[in-house]
Structures are given as structure tokens and as C-alpha cells.
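In what follows, a single structure is set out as C-alpha cells and then discussed.
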Amino acid sequence: MKEEKELTSTESLEIITRMIQQTKGNAKEGSFYFLFWGWIAVVASLGHFYLEQFTDFEHPYMVWLIGIPGWIITMIYGYKQSGKKRVTTYSDGLVMWTWLAFLFSILVVIFTGSYLNFQITALILLFSGMATFITGLIIRFNPLVIGGSSFWIFAPLAIYLGVAYAPLVMAVAVAVGYLIPGYMLRKA
Amino acid sequence: MNHFKDLDPLLHSQLRLAIMSLLMSVKSAEFVHIKEKTGATAGNLSVQIDKLSKADYIQVTKSFKGKKPLTTCKITKVGINAFEEYVNALKQYIN
């Protein structure tokens, strides 16, 4: 770019618009989290359902402990990604805090489960849907907004079908609300 | 070009305006990123960043990423106000 050239107002506007548009579209890397957690949730809910229905194992919900290494991998991945990043946008911070708020909310649900008639799955679905919906709005990616909204149908369904079938609903919900939009985001 | 005498001369320049517009829309950006997006040469970009920094329009932080020196730029409140005034002045010319 040459420095000396006198600018016209149209040229000025053109520069401003072009530079602002440059900052769009680094949302794609977020697809890792949706795919990674989507598959953890599908495997864990199907495992949970199988152990509960077809075996005598007393603590089928224990399969969800795979979430712990999941969080560790997420944190390592997030840390490495932030090192690679050469620009920090406002939306990055908003998305991160949305999911931390989600994490704190589901921790409350998990630890108070016995007072909630063990409707843990439905409540987790409700929070996941909300966080996905908000993330979709922040990064302006409609499949995530729609995927997140679908949890407002799956969550009451999980409640009506009861605790025994809730993990199955969860598996379907995650496939629709996380995995499909996640793959679309990766391709976008 | 008498019409433009009210426009902030610090912003009314192709490269400086590009830098400021870019920084308006992000929280912070590294030198390499700004260079890539504006297509400017490193030398010219350094000079213009220096001018903006001296006017307190942007805040420049120098650190290290591993062993490589790292320059990060961030727009300041003064810079945001100047940019908004510039855009408002621009609007008047267009109307």
C-alpha cells in the first residue's frame, strides 16, 4: 500500500469495509470441540444405556467419567490453539465464557442430581442446547443455532420418556445438535 | 482536496486507516497478522504503527513467543474515539 496517495471518501469507506470483513471467518476451528465432545457424548450415552438395560453393572453412569480426560484434552488443545493464533477476536472470548458457564451449570446439576429425581440428562441437554444456540449466534453460523434449538424438543422428550431412555434421547440429540453442525462447520 | 481538511490526517491515509479498521474489529492482533491482511511491507507497516502508537491511538506490546520477538497491537479508547469521529466526518462528506 502506498502511503502518499490522497484518499477520496469512497476509497476510505472501501478500506474500512474491506478490513472489517477480513476479521470474519476464523470460527471454523471451533468445529474440533463440537466433533470431539459430540462423539464423547454419543459413545457415553449409548454405553450408559447399554450397561443399564443389558447388564447388572450397578453404576452405568460411570461411563461418563471419560469426560474427565475429555476436559484435559480440550484444555491442552485450547492452549495450543491460542499459542498459534495471531489475532484475538471479541467473539473468541464470548464463546469461551459461554462454555465455561455451561460447565459450571452442569457441575451443579451433576452434584445435585439426587435432589432432581436424577433428571440429569434432560437438564444437561437443556444447558447444552442453550450454549450451542448462543455460540451459533456469536459466530453467525445458523446450523449451530438450529442444532441448539433442537435441544428444546429433545430435553422435554428425555423428561417424558424417563431416566431409563434419556441416554438414548441424548445420543440422538447430540448427533443432530452437535455432530451434524460440527461437520458442516468444519467444511464451511 | 480542500474538502478533506477536517478529516484526521493521522487516519486519512491508506495504510493507517487499514490498520485502524482492522484493530477496531478485533481485541488484539499480531504484527504478522496485520502485515498479511494489509499487504504492506514490514518497513512501512512499522513506521505507520509507530505513528499511531505515538498518538496513543494504539497500544503496542513487545514480547517473545518462544525465541521469536512478538509485537501485538491493540486499539485504545483514544483510537476508538478518533476512528468514530473520522467515520462521522466521512459520512458528512458523502451526504
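In what follows, chains are A, B, ... by sequence order, proteins preceding strands, each numbered from 1. Bear in mind the structure is a predicted one, so any value in this text is a computation, not a measurement.
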Can you check side-chain contact (heavy atoms from CB on, under 4.5 Å) on B:L17 and A:S12, steps first, answer last?
CA-CA 8 Å; B:L17 184 60; A:S12 289; 3.8 Å; yes
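Both A:L107 and A:I66 sit in one connected hydrophobic cluster of ILVMFWY residues. Membership requires side-chain heavy atoms under 4.5 Å apart, directly or through other members. The hydrophobic cluster containing A:Y115 does not contain A:V108, counting ILVMFWY residues as joined when their side-chain heavy atoms lie under 4.5 angstrom apart, directly or transitively. The hydrophobic cluster containing A:V109 also contains A:F111, counting ILVMFWY residues as joined when their side-chain heavy atoms lie under 4.5 angstrom apart, directly or transitively. Clustering ILVMFWY residues whenever any of their side-chain heavy atoms sit less than 4.5 angstrom apart, transitively, puts A:L94 in the very cluster that holds A:F104.
Residue B:V87 touches chain A through its side chain alone, counting heavy-atom pairs closer than 4.5 Å. Neither the backbone nor the side chain of B:F31 comes within less than 4.5 Å of any heavy atom in chain A.
Residues A:I15 and B:Q14 meet the side-chain proximity criterion, which asks for heavy atoms closer than 4.5 Å. Inter-residue side-chain proximity for B:M24 and A:I16 is flagged as unmet; no heavy-atom pair is nearer than 4.5 Å.
Around the OH atom of A:Y165, the shell of radius 6.0 Å holds no more than 12 heavy atoms that belong to other residues, nucleotides or ligands. Applying the 6.0 Å contact sphere to CE of A:M96 captures more than 12 heavy atoms from other residues, nucleotides or ligands. Around NZ of B:K27, the count of heavy atoms belonging to other residues, nucleotides or ligands within 6.0 Å does not exceed 12. A:W152 CH2: more than 12 foreign heavy atoms inside a 6.0 Å radius. Atom OH of A:Y50 is surrounded by 12 or fewer heavy atoms from other residues, nucleotides or ligands within 6.0 Å.
Residues A:Y90 and B:S25 bring no donor and acceptor atom of their side chains to less than 3.5 Å of each other.
For the residue pair A:K85 and B:K65, the shortest heavy atom distance occurs at O-NZ, 4.0 Å. Of all non-hydrogen atoms in B:S28 and A:V87, the two that sit nearest each other are O-CG2, 3.4 Å.
With respect to the salt-bridge test (charged N to carboxylate O, under 4.0 angstrom), the residues B:E36 and A:R86 qualify.
Here the OG atom belonging to B:S21 is positioned 10.5 Å from the CD atom belonging to A:E14, to the nearest 0.5 angstrom. Between the NE2 atom of B:H12 and the OG atom of A:S9 there is a distance of 8.0 Å, given to the nearest 0.5 Å. Rounded to the nearest 0.5 Å, atoms CD1 (B:I19) and CE (A:M19) are 8.5 Å apart. The CD1 atom of A:I20 lies 11.0 Å from the CG atom of B:L23; values are rounded to the nearest 0.5 Å.
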